[in-house]
Protein chains: 2
Amino acid sequence: MRILEMGRGKLIIKFIMKDKVRILTYEKRKKGLIKKAQEFSILCGVETCVILYAPKSEETPAELEIWPPDHAKVMHACHRQIQREAIVRTQKEML
Amino acid sequence: MRILEMGRGKLIIKFIMKDKVRILTYEKRKKGLIKKAQEFSILCGVETCVILYAPKSEETPAELEIWPPDHAKVMHACHRQIQREAIVRTQKEML
DNA sequence: TCCACTATGCTTAGTGA
DNA sequence: ATCACTAAGCATAGTGG
């Protein structure tokens, strides 16, 4: 344990170039983000969805991650979103 | 400033009954959640979407909030999600 | 590789302006 | 009614096993 190097310093938000570090950060922060979404959903009584596209590395293809695990809820949210977009589009076309 | 009551205690994740407190928490945590999603997206180079349905109070109807503000990106994510669900459904039906 | 640890920095509940 | 402040609690980068 090296006491002098325990600090982290202020984190700069910038794409992490090193594959291994990025994948590790991805796993950690994905967990944190979903936890936050879940807490938010419960505390405020709000339907919440998180959709992630995760190109993990050069070898593995893009991977999809969604929350909540109940896909039906996400589908519902997606459909509502698409309906809403369609309505907005129609309204614009009518101008 | 009452020093003795400055503490918060451990937060219990449970629906906030008081309308005003819930709305305040909603606004604060929505901001936090979106910031996290944005950081995550940049750090890991990952497409990320957050969709919230916000029934703010008895008076106001359900309100939709999405991130990123570029709806086209969210639409793209939604469509990919729906396509994926359709593929999964088809695969199940073929069994 | 993946999980555990922990000091640091970040988020936010409670509060006051 | 917002908005700002701040300490407590939380998330997590770096590290070790």
Side-chain angles (χ1 to χ4, degrees), chain A residues 1-69 74, chain B residues 1-69 74:
Chain A
M1 188 167 66
R2 286 173 296 176
I3 299 294
L4 289 174
E5 299 183 16
M6 268 296 184
R8 284 159 54 188
K10 191 178 166 63
L11 178 68
I12 287 130
I13 301 300
K14 179 171 174 294
F15 179 71
I16 298 164
M17 298 295 279
K18 293 180 186 174
D19 273 19
K20 284 177 185 173
V21 176
R22 190 172 64 256
I23 291 164
L24 206 57
T25 296
Y26 171 82
E27 289 298 339
K28 283 184 178 182
R29 281 187 170 250
K30 186 187 73 184
K31 192 181 159 191
L33 187 63
I34 287 170
K35 191 184 175 194
K36 284 273 187 220
Q38 193 170 33
E39 287 181 358
F40 180 74
S41 174
I42 294 167
L43 286 168
C44 302
V46 163
E47 273 186 65
T48 310
C49 293
V50 179
I51 306 173
L52 315 174
Y53 291 97
K56 287 199 171 181
S57 68
E58 290 300 315
E59 299 93 53
T60 55
E63 191 181 316
L64 180 71
E65 307 249 15
I66 64 173
W67 184 87
V74 179
Chain B
M1 187 166 68
R2 285 172 297 174
I3 299 294
L4 289 175
E5 299 185 19
M6 268 296 184
R8 285 160 54 187
K10 191 176 167 64
L11 179 67
I12 287 130
I13 301 301
K14 178 172 175 292
F15 178 70
I16 298 165
M17 299 296 279
K18 292 180 186 173
D19 273 20
K20 282 177 185 173
V21 176
R22 190 172 64 255
I23 291 164
L24 207 58
T25 296
Y26 172 82
E27 288 298 339
K28 283 183 177 183
R29 280 185 172 251
K30 186 187 72 183
K31 193 181 159 193
L33 188 62
I34 287 169
K35 191 185 175 193
K36 282 277 185 217
Q38 192 169 36
E39 288 181 357
F40 180 74
S41 174
I42 294 167
L43 286 168
C44 303
V46 163
E47 273 188 65
T48 310
C49 293
V50 179
I51 305 174
L52 315 174
Y53 291 97
K56 287 198 172 182
S57 68
E58 289 300 316
E59 299 92 52
T60 55
E63 190 180 317
L64 180 71
E65 308 249 14
I66 63 172
W67 185 85
V74 179

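The analysis underlying the following values was restricted to heavy atoms, covering all of them including side chains, and did not include hydrogens, waters or symmetry mates. All chains are named by letter (A, B, ...) in the order of the sequence lines, taking the proteins before the strands, and each is independently numbered beginning at 1.
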Item to complete: Would you tell me if any nitrogen or oxygen in the side chain of B:Thr25 comes within less than 4.0 Å of OP1 or OP2 on C:dA13?
Response: yes
Worksheet item: Within this structure, what is the CZ-to-P distance between A:Phe40 and C:dA13, rounded to whole angstrom?
Response: 11 Å
Practice prompt. Please state how far atom NZ in A:Lys10 lies from atom P in C:dG9, giving the value in whole angstrom units.
Written response: 10 Å
Worksheet entry | Atom-to-atom span, CD1 of A:Ile34 to P of D:dT12 - whole angstrom | 12 Å
Discussion item. Whether B:Lys35 contacts C:dT11 is assessed here as follows: a side-chain N or O lying under 4.0 Å from the phosphate OP1 or OP2. Is that the case?
Written reply: yes
Worksheet entry | Minimum-distance nucleotide (side-chain atoms of A:Leu11 versus C:dA13, D:dA13, D:dA11) | D:dA13
Worksheet item: A:Lys36 side chain N/O closer than 4.0 Å to the phosphate oxygens (OP1, OP2) of C:dT12?
Response: yes
Fill in: Which residues share a side-chain contact (heavy atoms from CB on, under 4.5 Å) with B:Leu24, sequence neighbours left out
none
Worksheet item: Rounded to the Å, how far apart are A:Lys31 NZ and C:dC2 P?
Response: 15 Å
Worksheet entry | B:Gly32 or B:Leu24, whichever maps to the more 5' nucleotide of DNA chain C | B:Gly32
Item to complete: Apply the test side-chain contact (heavy atoms from CB on, under 4.5 Å) to residues A:Lys18 and A:Arg22: give CA-CA distance (whole Å), side-chain angles for both, the deciding distance (0.1 Å), then the verdict.
Response: CA-CA 6 Å; A:Lys18 293 180 186 174; A:Arg22 190 172 64 256; over 6 Å; no
Practice prompt. Go through D:dA13, C:dG14, C:dC10 for me and flag the one nearest to the B:Lys28 side chain.
Written response: C:dG14
Discussion item. Distance check, rounded to the nearest 0.5 Å: A:Lys14 atom NZ versus B:Ile42 atom CD1?
Written reply: 11.5 Å
Item to complete: Mind grabbing the angle between the end helix axes of the helix from C:dC2-D:dG17 to C:dA17-D:dT2? Five pairs an end, 10° rounding.
Response: 30°
Discussion item. Please report the interatomic distance OG1(B:Thr25) to CZ(A:Phe40), rounded to the nearest 0.5 Å.
Written reply: 9.5 Å
Practice prompt. Report the distance from atom CD1 of A:Ile16 to atom P of D:dA13, rounded to the nearest whole Å.
Written response: 7 Å
Worksheet entry | Whole angstrom value for the distance that separates P of D:dG14 from NZ of A:Lys20 | 16 Å
Item to complete: Measure from the side-chain heavy atoms of B:Glu39 and tell me the nearest of C:dA13, C:dT11, D:dC10.
Response: C:dT11
Worksheet item: Would a distance-only check, ignoring hydrogens and angles, find a side-chain to backbone donor-acceptor pair under 3.5 Å from A:Ser41 to A:Val46?
Response: yes
Worksheet item: Expressed in angstrom and rounded to an integer, what is the separation of B:Ile13 atom CD1 from D:dC10 atom C1'?
Response: 11 Å
Response to the item:
Output for pair (A:Glu65 CD, A:Leu33 CG), nearest 0.5 Å, gives 11.0 Å
Worksheet item: Taking only residues two or more places apart in sequence, or in another chain, which ones meet A:Ile34 in a side-chain contact (heavy atoms from CB on, under 4.5 Å)?
Response: A:Lys30, A:Trp67
Fill in: Spacing of B:Ile23 atom CD1 relative to C:dT12 atom P, expressed in whole Å
18 Å
